[in-house]
There are 4 protein chains.
Amino acid sequence: MGRNAMSDEEKEGRRRVLLAAAHRLYRERGVLPPVADIATAAGLAKGTVYLYFRTKEKIFVALLEDALGSLFARLLPALDRLPRGGRDTAKAFADHYVRLIADSADLLPLAALANAVLEQNLPVEPMRRFKTGLARALGQAGRHLEQRTGLAPGGSGETLLLHTYSLTLGLWQALSYPEPLRALLQEESLRGLARDFEPELHIGVHRLWLGYFAA
Amino acid sequence: MGRNAMSDEEKEGRRRVLLAAAHRLYRERGVLPPVADIATAAGLAKGTVYLYFRTKEKIFVALLEDALGSLFARLLPALDRLPRGGRDTAKAFADHYVRLIADSADLLPLAALANAVLEQNLPVEPMRRFKTGLARALGQAGRHLEQRTGLAPGGSGETLLLHTYSLTLGLWQALSYPEPLRALLQEESLRGLARDFEPELHIGVHRLWLGYFAA
Amino acid sequence: MGRNAMSDEEKEGRRRVLLAAAHRLYRERGVLPPVADIATAAGLAKGTVYLYFRTKEKIFVALLEDALGSLFARLLPALDRLPRGGRDTAKAFADHYVRLIADSADLLPLAALANAVLEQNLPVEPMRRFKTGLARALGQAGRHLEQRTGLAPGGSGETLLLHTYSLTLGLWQALSYPEPLRALLQEESLRGLARDFEPELHIGVHRLWLGYFAA
Amino acid sequence: MGRNAMSDEEKEGRRRVLLAAAHRLYRERGVLPPVADIATAAGLAKGTVYLYFRTKEKIFVALLEDALGSLFARLLPALDRLPRGGRDTAKAFADHYVRLIADSADLLPLAALANAVLEQNLPVEPMRRFKTGLARALGQAGRHLEQRTGLAPGGSGETLLLHTYSLTLGLWQALSYPEPLRALLQEESLRGLARDFEPELHIGVHRLWLGYFAA
DNA sequence: TATGAATGAGAATTCATTCAT
DNA sequence: CATGAATGAATTCTCATTCAT
């Protein structure tokens, strides 16, 4: 670990190390970990974290940005490979999308936390960057979707994707249970809520898309 | 009833006073208020709160329970008045549902907080009660829906309602912005995300139901 | 240590215990001690301090207030016993005043810190109270002085006392040395600054008053 | 002079650049700025600052030294132009001195900070240098004063100047208010303390000198 | 000499919860 | 039942200083 000037790549590397540490701890604990813990987990000192992220919230936004970014990166090619016709499209998308989401394990818990975390101590600037990126990605993906499937009018591709994402997020929240609650799901009286997220997501997204292509 | 023992009604009254205070403070501040503030707002002492709710999380669960309960109470009659045919059903439900949601202003922020709050310090028992109640209400409403509209097979009414709720929750989270972020929504680059919740919800729910009835 | 309601006197007692602890630590270390240390020294927990002083600065202001208050309390009777004639007055006051100051050991270090401490994190409200009290005490003392000695015109008593206090404070700062510097004062080259505060104060105040009564 | 070694002038130049930066930032913010900021403002790296000042306190002492040095540099000629007679001397000096002080804007805030700053982390060696210089300047100025005005006995010139400086410093502290407190000065109850520093200083110094020359 | 990345001690404050009266 | 004083764990962020290059 040199003490002198770092190239941009090295800096970016450190950033990623910190993000990875935060990410791991978050996964393990289900709560945004204290900065001190992130530092330790990354093999660095507390103060060092603040050389890379000026506030704790920025770490969170960066995490979210990463997760959403990689979802979109994989979504675009998927959209471009969709069949044209209505019913097939819905089915094909649902199939692919559920796999995509299953692979982006951390996106949803993170996104679900966003409101709660950011209500408390909002980092406006990074948040703008994040939302801008999201808006652009959504618009772009919407256009891909429209071109490929002929969905009309203009803008409905974006809308459909926003609703798809919303359904995903909401479903995840409704069906995700903290560990100590899982056991309860066996009980007869809770059957109605003991559903697996992925099949459920498949059904919902499928139906939602059917609705859009039927309309 | 003697002077010493408190009747159940009195107890329940106190409970409701506390809940109302918590509710109001939450609405005003957008954050779960400290227990001390709830006590003061209810005209009680801090310690007294703990005679009615053993932890702060229980207050939160009770709040959520109330909000969801009243949503369901109004949902049932609405379902019973739905038209039979497919396309009409979707439209009629969406119309009514959006109004219902608009009237249940606090449900969504509260529900959106649930994951974050409960991950931290979970009160298993009250949570079980809550989830059980929810499961029952959902099942009941699902059956009403199926009977009224002929939606089949059995269980799909419940599923549809769950997905409808999920879409609502997700959409709310995607489109709700903490005050300081609102200003940014004017910017051109954020247009795609500057949508009004209610019309958007109407479109989404309408399409989702169309999908279910078309399937 | 009871856990239930405390009378106002008991509360005031606790406040004084905390103040005394802060006072002692400050004297020992020459620096405003951390809140944690004050708490420990007072036999209380950290959080308890905040039940009595909402911020650390308020502790400081309270300390200062006490010190100045007790100075004025003793100043007033002294002024009332002053001889009428000019030259005598100056001498008599200087004699008495120096003794007074010598007895108010903590006032000066505290007052000397005020600017530095308060520039950083100002508690406006308690500061207003403090300054208001000071202004009143000064005015009252000024009037006593004028009545007793015939000093004119109106207001010059207050002015003289303000200047006296200023000279005291400035002199203390010029002549007070942190421990590790004391040794150096023996050196020949520092003779000019190796003066004892009290005699020096006597000379200065005496001359200042002479100037006022001569004018 | 080769490319490697830095000449003394170059070194001294760097030192002055750093001091000027610290000075400016201090004036702008009213607080001793962090070393990192001083470095940036001087166009240097943080580490570099430590090649010129071993601790932050040394920067502070150097600043103070400068300010006092330039005050004395202008005081000496002023003393040499003083009239001989008693009453006139006091008046003439007060006139001149107040202007001098008004022009040395930074001396007083800096000096007022000295006790607080130096109590914490004292740099003995530079402090000795500073105090020695001050003692010499004071002695020299005192002799000038005595020679010019005939003030006796020997040493009283030095004393008078020390007291004059003390009065100045104390008065400044008593009458200087951090920005957020300024507003309060309008209030009736604070009138007694809402005095302008310069006229007040003039009165005080005038009287003090009268006292010395009358004695 | 100069750099600037890394360090980590340090401090203030909040707040859920307990429990003696 | 009700009170409210006391607790102390928990957490963020700052900044002087060091030192490998």
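Here is the naming used below: chain letters follow the sequence lines, and residue numbers restart at 1 for every chain.
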Stepwise salt bridge (charged side-chain N to carboxylate O under 4.0 Å, His left out) test for B:D106 and B:R24:
CA-CA 10 Å; B:D106 304 313; B:R24 179 165 62 76; over 6 Å; no
Does D:R29 reach the side chain of D:D37, with side-chain heavy atoms less than 4.5 Å apart?
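Side-chain contact under 4.5 Å: yes.
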Calculate the interatomic distance between [X] atom [atom1] and [N] atom [atom2]; express it in whole Å.
| X | N | atom1 | atom2 | result |
| --- | --- | --- | --- | --- |
| C:E10 | F:dA5 | CD | P | 10 Å |
| D:Y50 | F:dT17 | OH | C1' | 5 Å |
| B:K58 | E:dT17 | NZ | P | 10 Å |
| C:L44 | F:dA5 | CG | P | 13 Å |
| A:K56 | F:dC13 | NZ | C1' | 12 Å |
| C:F53 | E:dT13 | CZ | P | 13 Å |
| B:L51 | F:dT3 | CG | P | 9 Å |
| A:L18 | E:dT7 | CG | C1' | 14 Å |

Answer yes or no: are there more than 12 heavy-atom neighbours, outside D:R27 itself, under 6.0 Å from its atom CZ?
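Atom CZ in D:R27 is crowded, with more than 12 foreign heavy atoms closer than 6.0 Å.
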So what's the dot-bracket for DNA chain F: Watson-Crick or G-U pairs under 3.5 Å, [ ] if a pair crosses, | if it pairs off-strand?
.||||||||||||||||||||
Taking for each residue the nucleotide of DNA chain E with the nearest heavy atom, is it D:G47 or B:L32 whose nucleotide lies nearer the 5' end?
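With D:G47 and B:L32 compared, the 5'-side residue is D:G47.
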Hey, which sits more toward the 5' end of DNA chain E by its nearest nucleotide, A:V49 or B:P34?
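Final value for this comparison: A:V49.
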Side chain of D:T40, backbone of D:A36: donor and acceptor closer than 3.5 Å?
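Yes, the answer is positive, given that a donor and an acceptor are paired below the 3.5 Å cut-off.
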As an exercise, state the distance from OH of B:Y52 to CG of B:L44, rounded to the nearest 0.5 Å.
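Rounded to the nearest 0.5 Å, the OH-CG separation comes to 7.5 Å.
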Does the pair C:R16/C:D66 count as a salt bridge with the N-to-O cut at 4.0 Å?
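Salt bridge: yes.
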Less than 4.0 angstrom from a charged side-chain N to a carboxylate O is my criterion; do C:R14 and C:E10 meet it?
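No, this pair does not count.
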With a 4.0 Å cutoff (strictly under), does any side-chain N or O of D:R14 reach OP1 or OP2 of E:dT1?
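No, no such contact exists.
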At under 4.0 Å, does any side-chain N or O of A:T48 touch on OP1 or OP2 of E:dA5?
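The answer is no; no side-chain N or O of A:T48 sits under 4.0 Å from OP1 or OP2.
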Heavy-atom nearest nucleotide on DNA chain F for C:A45 versus A:A36: which residue maps closer to 5'?
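Counting from the 5' end, the first nearest nucleotide belongs to C:A45.
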Select from B:G43 and D:P33 the residue whose nearest nucleotide in DNA chain F is closer to the 5' end of that strand.
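Its nearest nucleotide being more 5', the pick is B:G43.
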Under 4.0 Å, counting only non-hydrogen atoms across every strand here, what does D:K46 touch: a base, just sugar-phosphate, or nothing?
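Result for D:K46 = base.
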When all nucleic acid strands are considered with a 4.0 Å heavy-atom cut-off, which category describes C:Y52: base, sugar-phosphate, or nothing?
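Contact class for C:Y52: sugar-phosphate only.
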